[in-house]
Amino acid sequence: MAPITTAHAYDYPWCVYGGELGPSGECLYRTREQCLASASGRWNTYCDVNRYVLFQQRALQPPPKKAPRH
């Protein structure tokens with residue numbers, strides 16, 4: 001069996017949080033609909049954007065330009 005490498009890693013954009021999943025949640029969903037279906041029927045869970053993916057997107061954005069002072 002070949003080892004899993006980071007080249008095959010994928011950060012799914014949707015996670016189920018809450019319940020007994022811990023702070024990192026269960027991030028296995030490509031769509032919000034998939035996430036909602038998985039969270040349905042689970043006690044005290046909800047779907048939200050993967051915080052890691054959101055952080056990466058914000059880190060890649062250039063800082064806002066400041067208006068020149070006169």
Side-chain angles (χ1 to χ4, degrees):
M1 179 185 274
I4 297 174
T5 63
T6 56
H8 294 94
Y10 177 79
D11 293 317
Y12 290 92
W14 290 95
C15 303
V16 175
Y17 293 105
E20 297 178 3
L21 297 172
S24 59
E26 180 182 84
C27 302
L28 303 172
Y29 309 100
R30 291 185 186 265
T31 68
R32 184 173 183 264
E33 290 74 21
Q34 290 172 338
C35 184
L36 290 170
S38 181
S40 177
R42 290 181 173 185
W43 180 79
N44 199 27
T45 60
Y46 64 97
C47 287
D48 203 355
V49 182
N50 182 336
R51 296 171 187 146
Y52 180 73
V53 171
L54 188 61
F55 176 78
Q56 283 183 323
Q57 288 172 347
R58 288 184 180 163
L60 294 175
Q61 292 177 352
K65 294 182 180 181
K66 295 182 179 180
R69 291 187 169 203
H70 294 273

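These figures come from a predicted structure and were not determined experimentally. Side chains included, hydrogens not; waters and symmetry mates left out as well; all remaining heavy atoms used.
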**Prompt:** Can you find a pair of side-chain heavy atoms, one from R51 and one from Y17, that are under 4.5 Å apart?
**Reply:**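 Touching, per the 4.5 Å side-chain cut-off.
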Nearest-0.5 Å distance that lies between atom [atom1] in [X] and atom [atom2] in [Y]:
X   : Y   : atom1 : atom2 : result
N50 : E26 : CG    : CD    : 12.0 Å
L54 : D11 : CG    : CG    : 12.0 Å
W14 : L28 : CH2   : CG    : 14.5 Å

**Prompt:** Is it true that atom CZ of R32 has more than 12 heavy atoms of other residues, nucleotides or ligands lying nearer than 6.0 Å?
**Reply:**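 Result for CZ/R32: open.
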**Message:** For the cysteine pair C15/C27, does the gap between the two SG atoms stay under 2.5 Å?
**Reply:**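 Yes, because the SG atoms of C27 and C15 sit under 2.5 Å apart, which meets the disulfide cut-off.
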**Request:** Can you see which heavy atom on Y46 is nearest to which on G18, and at what distance?
**Result:**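 For Y46 and G18, the tightest heavy-atom pair comes out as CE2-N, 4.3 Å.
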**Message:** I'd like to know if the side chain of T45 reaches the main chain of V16, judged simply by a donor and an acceptor atom lying under 3.5 Å from each other, with no hydrogens or angles considered.
**Reply:**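 Side chain of T45 to backbone of V16, a donor-acceptor pair under 3.5 Å: no, none is there.
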